[in-house]
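Hydrogens, waters and symmetry mates play no part in the numbers below; they use all other heavy atoms, side chains included. Both ligands and their constituent atoms are indexed starting at 1 by order of listing. Everything quoted here is computed from the prediction, not taken from an experiment.
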Amino acid sequence: MLRRRTYIAEPKPLPPGGGRAVAPDELTECRRRLEREFAEAQFDLGGLAYEMAIRDHFRVDLLVRHAAKLQTLDAELGSIERLARMDEGGAAGTCPNCDALYPRGAAFCSQCAHPLMR
Ligand SMILES: [Zn+2]
């Protein structure tokens, strides 16, 4: 449900596979923001679990929902980190279908399997 997030403020020229080009500094910015969001979500989950524990009343649905949010952020961070490890030329773009980031040379989007090569 967080998939529609837009990582980049300004539209860029379209790379060959469609979608938008992503510069390395934008990746760094995006990564910092995700790391912050992840830390906050983790903190919230810990606080929530603590509150439930001292009341001896667990709302598993709430815990699961928070954990799912963490998992989503973790997956996004993982894909950003993969992209950040790639060549310095910023060889990356976003999927024209779901806006997920992808590395140069990717044939299909790792999120939605949309074909990226013509
Ligand atoms: Zn996609």
Side-chain angles (χ1 to χ4, degrees):
M1 41 185 168
L2 296 172
R3 282 285 162 230
R4 285 282 160 195
R5 184 197 327 275
T6 307
Y7 292 103
I8 303 135
E10 298 153 36
K12 300 274 176 171
L14 293 182
R20 285 170 285 120
V22 179
D25 56 330
E26 287 172 320
L27 273 183
T28 307
E29 172 66 27
C30 180
R31 186 178 174 179
R32 284 212 192 96
R33 186 179 48 72
L34 278 172
E35 279 170 348
R36 206 164 45 235
E37 278 182 43
F38 183 84
E40 281 167 15
Q42 203 169 32
F43 185 82
D44 287 348
L45 180 58
L48 193 64
Y50 171 72
E51 292 294 328
M52 289 175 184
I54 59 174
R55 285 170 178 76
D56 196 22
H57 179 76
F58 282 91
R59 290 269 317 271
V60 176
D61 58 322
L62 272 182
L63 290 172
V64 167
R65 208 182 312 151
H66 271 73
K69 184 184 165 192
L70 255 181
Q71 206 171 24
T72 305
L73 287 169
D74 197 30
E76 288 179 16
L77 253 178
S79 64
I80 298 283
E81 279 162 5
R82 272 196 303 281
L83 290 174
R85 278 196 301 272
M86 297 191 181
D87 67 47
E88 305 300 319
T94 58
C95 171
N97 185 49
C98 74
D99 217 29
L101 293 166
Y102 69 84
R104 170 169 295 186
F108 296 94
C109 172
S110 62
Q111 299 292 335
C112 73
H114 185 80
L116 300 170
M117 307 296 258
R118 290 294 122 100

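The shortest distance between side-chain heavy atoms of Ser79 and Ser110 does not fall below 4.5 Å. A 4.5 Å side-chain heavy-atom check between His114 and Pro96 finds at least one atom pair inside the cut-off.
Applying the salt bridge (charged side-chain N to carboxylate O under 4.0 Å, His left out) criterion to Arg59, with sequence neighbours excluded, gives Asp61.
Ion pairing between Arg33 and Glu37 holds under the 4.0 Å rule for side-chain N and carboxylate O.
Hydrophobic cluster membership for Val64: Val60 (Ile, Leu, Val, Met, Phe, Trp, Tyr linked by side-chain heavy atoms under 4.5 Å, directly or transitively). Here Ile54 is tied into one hydrophobic group with Tyr50, each link being a pair of ILVMFWY side chains closer than 4.5 Å.
Annotation: protein N, O or S atoms under 2.8 Å of the Zn ion (ligand 1) (waters excluded) comprise Cys95 SG, Cys98 SG, Cys109 SG, Cys112 SG.
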